Amino acid sequence: MAEIKLAAQVRTEFGKGAARRTRRANLVPAVVYGHGAESVHITLPAHELQLALRTANVLIGLEIEGKDALVIPKAVQRNALKGNIEHVDLLTVKRGEKVNVEIAVHVEGELAPGGNLLEYVQNTLLVEAEATHIPESVTVSIAGLDAGDSILAKDIPLPKGSVLAGDEDAVVLQIVAAQAEEPAAEGTEAATTEA
């Protein structure tokens with residue numbers, strides 16, 4: 001995964017009014033924390049941050065007052081109506097350090113014939129990976145699976161350098177039979193039309 005560079009400015013104003021002024025200036029308030037260091041309140045360019053966050057678990061290289069910091073997004077708050085980023089929590093990481101992150105689960109292949117349905121019990125997996133080599137997703141083959149089959153977290157092949165950090169016996173995907181509508185009983189139908 002490529003590292004995305006962003007220039008950050010230290011924030012000195014706090015509160016709702018200051019946050020609104022920051023957003024009007026096309027900046028996003030953020031906080032950087034981790035490794036026992038004191039948290040640093042910063043602002044980031046809104047457009048560049050929006051583009052960077054299109055990639056899940058993106059690795060961001062920040063330049064804060066001449067110092068470099070390597071971070072990953074931990075929490076992103078968005079405006080419920082507009083979808084704009086309102087605030088970001090960033091976790092400091094070091095090269096070679098292992099971090100726990102959630103990665104997306106994708107499927108490939110066709111289910112066994114018969115009108116079966118695929119149900120995502122979990123659409124992400126919690127994995128431990130090196131901060132500079134976080135996988136974007138995992139792909140699972142569902143080819144030929146039939147109703148009643150399920151895929152557990154431990155059955156999913158993980159990318160090299162990643163290990164499962166969550167419950168290995170958790171059901172991630174399951175195949176269910178399609179529910180057919182019950183035909184209405186003839187006697188009940190006749191009784192309702194006569195009444």
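Since we're looking at a predicted model, the values are computed, not measured. All heavy atoms count here, side chains included; hydrogens, waters and symmetry mates do not.
Residue Lys74 comes nearest to Asn100 through the heavy atom pair NZ-O, 3.9 Å, listed as atom of the first residue, atom of the second, then distance. Of all non-hydrogen atoms in Asp146 and Asp149, the two that sit nearest each other are N-OD2, 2.7 Å. Here the closest non-hydrogen pair linking Ile103 and Pro135 is CG2-O, 3.1 Å. Here the closest non-hydrogen pair linking Glu128 and Ala165 is N-CB, 3.9 Å.
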Checking Val138 against Val127 for the side chain to side chain contact (heavy atoms under 4.5 Å, CB included) test, could you report, in this order, the C-alpha distance in whole Å, the side-chain angles of both residues, the deciding distance, and whether it holds?
CA-CA 11 Å; Val138 290; Val127 298; 5.9 Å; no
Could you go through Leu70 and Asp68, starting from their C-alpha distance and side-chain angles, then the distance that decides it, and tell me whether this counts as side chain to side chain contact (heavy atoms under 4.5 Å, CB included)?
CA-CA 7 Å; Leu70 203 55; Asp68 290 333; over 6 Å; no
Step-by-step side chain to side chain contact (heavy atoms under 4.5 Å, CB included) determination, Val121 to Val172
CA-CA 5 Å; Val121 178; Val172 178; 5.9 Å; no
When you look at Val76 and Asp89, which way does the side chain to side chain contact (heavy atoms under 4.5 Å, CB included) test go after all the steps?
CA-CA 6 Å; Val76 179; Asp89 289 355; over 6 Å; no
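In this structure, the side chains of Val28 and Val88 come closer than 4.5 Å at one or more pairs of heavy atoms. Between Val32 and Ser39, every side-chain heavy-atom pair lies at or beyond the 4.5 Å cut-off. You'll find the side chain of Ile142 reaches within 4.5 Å of the side chain of Ile151, heavy atoms only. In this structure, Ile134 and Val99 have side chains that are in contact, with non-hydrogen atoms separated by less than 4.5 Å. Using a 4.5 Å heavy-atom cutoff, the side chains of Thr92 and Ile72 are not in contact. With a 4.5 Å cut-off on side-chain heavy atoms, Thr139 and Val107 do not count as touching. Residues Ile42 and Arg11 form no side-chain contact, since every pair of their non-hydrogen atoms from C-beta on lies 4.5 Å or further apart. A 4.5 Å side-chain heavy-atom check between Leu53 and Val58 finds at least one atom pair inside the cut-off.
Rounding to the nearest 0.5 Å gives a distance of 11.0 Å between CG of Leu117 and CD of Gln174. A distance of 10.5 Å separates CG in Leu125 from OG in Ser162, rounded to the nearest 0.5 Å. From Leu44, atom CG reaches atom CD1 of Ile85 across 9.5 Å, with rounding to the nearest 0.5 Å. Atom-to-atom distance recorded for His106:NE2 and Glu136:CD is 8.5 Å, nearest 0.5 angstrom. In this structure, Tyr33 OH and Leu91 CG are separated by 5.5 Å, a value rounded to the nearest 0.5 Å. Residue His41 holds its NE2 atom at 11.5 Å from CD1 of Ile64, rounded to the nearest 0.5 Å.
Note on Val163 and Val105: separate hydrophobic clusters, where clusters join Ile, Leu, Val, Met, Phe, Trp and Tyr whose side-chain heavy atoms are under 4.5 Å apart, directly or indirectly. Residues Tyr120 and Ile156 are members of one and the same hydrophobic cluster, defined by side-chain heavy-atom contacts under 4.5 angstrom among Ile, Leu, Val, Met, Phe, Trp and Tyr. Criterion: ILVMFWY side-chain heavy atoms under 4.5 Å apart, direct or through other members. Under it, Leu27 and Leu62 are not part of a common hydrophobic cluster. A continuous path of Ile, Leu, Val, Met, Phe, Trp and Tyr side chains, each step under 4.5 Å between heavy atoms, connects Leu118 with Leu145, placing both in one hydrophobic cluster.
The neighbour count for His47 NE2, taken as heavy atoms of other residues, nucleotides or ligands under 6.0 Å away, does not exceed 12. Counting heavy atoms of neighbouring residues, nucleotides and ligands inside a 6.0 Å radius, atom CD of Glu108 exceeds 12 of them.
When atom types are taken as modelled, the side chain of Glu97 and the backbone of Lys94 share a donor-acceptor pair closer than 3.5 angstrom.
No side-chain donor-acceptor contact under 3.5 Å links Glu86 and Gln77. A side-chain N or O of Thr124 and one of Glu102 form a donor-acceptor pair less than 3.5 Å apart.
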